[in-house]
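If you're wondering where the values come from, they're calculated on a predicted model, not measured in any experiment. Values below: every heavy atom of this structure, side chains too, minus hydrogens, waters and symmetry copies. Numbers restart at 1 for each chain; the letters A, B, ... are given by sequence-line order, proteins then strands.
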There are 2 protein chains.
Amino acid sequence: MSERGKPVPLARLLLMSYRLLIDGMHQRLREEGWHDVRPAYGFVLLATRDRSTTSVELASLLGVTKQAASKILDPMDAAGYVRRSVDPEDARVKIVELAPRGWELLAAVECIYAELEAEWGAAIGVAAVELMRKHLTEIVLAANGGEFPAIRPSP
Amino acid sequence: MSERGKPVPLARLLLMSYRLLIDGMHQRLREEGWHDVRPAYGFVLLATRDRSTTSVELASLLGVTKQAASKILDPMDAAGYVRRSVDPEDARVKIVELAPRGWELLAAVECIYAELEAEWGAAIGVAAVELMRKHLTEIVLAANGGEFPAIRPSP
DNA sequence: CCTTTTCGTCAACAAGGTTGACCATTTATA
DNA sequence: TATAAATGGTCAACCTTGTTGACGAAAAGG
């Protein structure tokens, strides 16, 4: 590897590590029979987990345009992971919430994710994982005025 | 933020941090007058820095198909960042190397990158940055049989 | 010499992003 | 109260970067 002898850029390590988790996640999902899950779905699952949302709000949470949000929601709706309904209080608005299948998928995702993070704990120690979490949190918050930024599924 | 009170998934923190570096990189490049640099170019610059390569080898280094590699090289070639020439020893092969403008871009990239990493050192301490580098390296190598994997520009 | 493999390019399609446009609905203003 | 402005969601075109399949030229193998 041409990086031998030179420190590997941290950005590269961050991306490799992230990919490790995400690719591992999607592989395990496939092994469990989830064959139609796209990378972006995870972002939508997390955004709609704690409370229903709307298309345009989801766009804001994801840091993308409303068109992009709609574009992810379309196949998710078609596959039965989310439901969209007209808001009784504002006829322009579509309420977006997880459908039963979406809840099942979310449960599978969270279970696999916990396994993956536990594997990191086994590899470098739980304390090191928590320290990394602490440091990354500091960096991200410091750079975003004390808040977590919206994070796009794809650059 | 709905993540308040729950640990933010490490995957999310990794992605946020990575984006912080990469988005910061591209913003500063634009500020310096580099207006036509796409995210994928950085990967090609690093892959061709230490020695010239070939289209198909680049594909392998990037972990993408040869078609995808060619597709990134086309605009880079057109913009004068790389040069492609026929290999005198094998007429099928295109040698890919950085052109003068590519070297200038690489220099700008590396300079900005150093600034960005130094800012992390200022935020959490240089020792913490190095510790993170060490831990991430361990995780990545452990998961890839002791080697660094190819890393695609885009999932 | 013929078959198989390899390299790079062309083409079509996909995922997920952008901008612009449009219509319906709601809110704000005169 | 009527009109203007703002908002939500969808349609459309295009972009970046990925995939697969196909193809012709060149090289390697039998």
Please tabulate the protein-to-nucleotide N/O contacts below 3.5 Å involving nucleotides 2-4 of chain D, giving atom names and distances.
none

Next item on the list: Take the protein atom CZ of B:F43 and the nucleotide atom C1' of D:dG18, then report the distance between them rounded to whole Å.
Entry: 13 Å
Checklist line | Spacing between A:I95 atom CD1 and D:dG8 atom C1', to the nearest angstrom | finding: 12 Å
Check: Is a salt bridge present between A:K134 and A:E138, judged by a nitrogen-to-oxygen distance below 4.0 Å?
Finding: yes
Checklist line | A:R84 bridged to A:E97 by N-O distance under 4.0 Å | finding: no
Item checked: Set of residues satisfying side chain to side chain contact (heavy atoms under 4.5 Å, CB included) with respect to A:A118, sequence neighbours excluded -> none
Margin query: With each end axis built from five pairs of C1' atoms, what bend angle do you get for the helix from C:dC1-D:dG30 to C:dA30-D:dT1? Round to 10°.
Written below: 10°
Notebook entry, point to check: Which atoms form the tightest heavy-atom contact between A:S17 and B:V140, and what is the distance?
Noted result: OG-CG2, 3.7 Å
Margin query: Taking side chain to side chain donor-acceptor pair (under 3.5 Å) as the definition, give me every residue that meets it alongside A:R83, ordered by chain and number, with sequence neighbours left out.
Written below: none
Margin query: My understanding is that only residues two or more places apart in sequence, or in another chain, count here; which of them pass side chain to side chain contact (heavy atoms under 4.5 Å, CB included) with B:D23?
Written below: A:R152, B:R19
Check: Taking all non-hydrogen atoms of both residues, which atom of A:A11 and which atom of B:Y18 are closest, and how far apart?
Finding: O-CD1, 3.2 Å
Next item on the list: Please state how far atom CZ in B:R19 lies from atom C1' in C:dG16, giving the value in whole angstrom units.
Entry: 11 Å
Check: Among D:dG8, C:dG8, C:dG17, which nucleotide sits nearest the side chain of B:V93?
Finding: C:dG8
Do any N or O atoms of the protein come closer than 3.5 Å to N or O atoms of nucleotides 24-27 of chain C, and which pairs are they?
unit_1: C:dT25; atom_1: O2; unit_2: A:R92; atom_2: NH1; d: 3.1
unit_1: C:dT26; atom_1: OP1; unit_2: A:A91; atom_2: N; d: 3.1

Check: Taking only N and O in the side chain of B:R84, is any of them less than 4.0 Å away from OP1 or OP2 of C:dT9?
Finding: yes
Note to self: Nearest whole Å is fine: how far is C:dA15 C1' from A:D23 CG?
What the structure shows: 15 Å
Check: Any Lys/Arg nitrogen of A:R101 or A:D77 sitting under 4.0 Å from an Asp/Glu carboxylate oxygen of the other?
Finding: no
Note to self: Closer than 4.0 angstrom, basic N to acidic O: yes or no for A:R51 and A:E57?
What the structure shows: yes
Item checked: Members of residues 63-80 of chain B that approach DNA chain C, where some heavy atom sits under 4.0 Å away -> B:K66, B:Q67, B:S70, B:K71
Notebook entry, point to check: Near DNA chain D, which residues from residues 31-38 of chain B have a heavy atom under 4.0 Å away?
Noted result: B:R38
Item checked: Qualifying residues under ring-ring contact (aromatic ring centres under 6.0 Å, His included), relative to B:F43, sequence neighbours excluded -> none
Check: Taking only residues two or more places apart in sequence, or in another chain, which ones meet B:Y41 in a side chain to side chain donor-acceptor pair (under 3.5 Å)?
Finding: none
Check: Rest of the hydrophobic cluster containing A:L131 (Ile/Leu/Val/Met/Phe/Trp/Tyr, side-chain heavy atoms under 4.5 Å)?
Finding: B:L131
Check: Partners of A:E104 by side chain to side chain contact (heavy atoms under 4.5 Å, CB included), sequence neighbours excluded?
Finding: A:W34
Check: If only atom types and distance count, is the side chain of A:S70 paired as donor or acceptor with the main-chain N or O of A:K66 below 3.5 Å?
Finding: no
Note to self: Using whole Å, what does the distance between atom P of nucleotide D:dT10 and atom CG of A:L58 come to?
What the structure shows: 12 Å
Next item on the list: Indicate yes or no for a side-chain donor-acceptor contact from B:Y81 to the backbone of B:L106 under 3.5 Å, with no hydrogens or angles considered.
Entry: no
Next item on the list: Indicate yes or no: does A:R28 engage A:E115 in a salt bridge with an N to O separation below 4.0 Å.
Entry: yes
Next item on the list: Return the value, rounded to whole Å, for the distance between atom NZ of A:K94 and atom C1' of D:dC11.
Entry: 13 Å
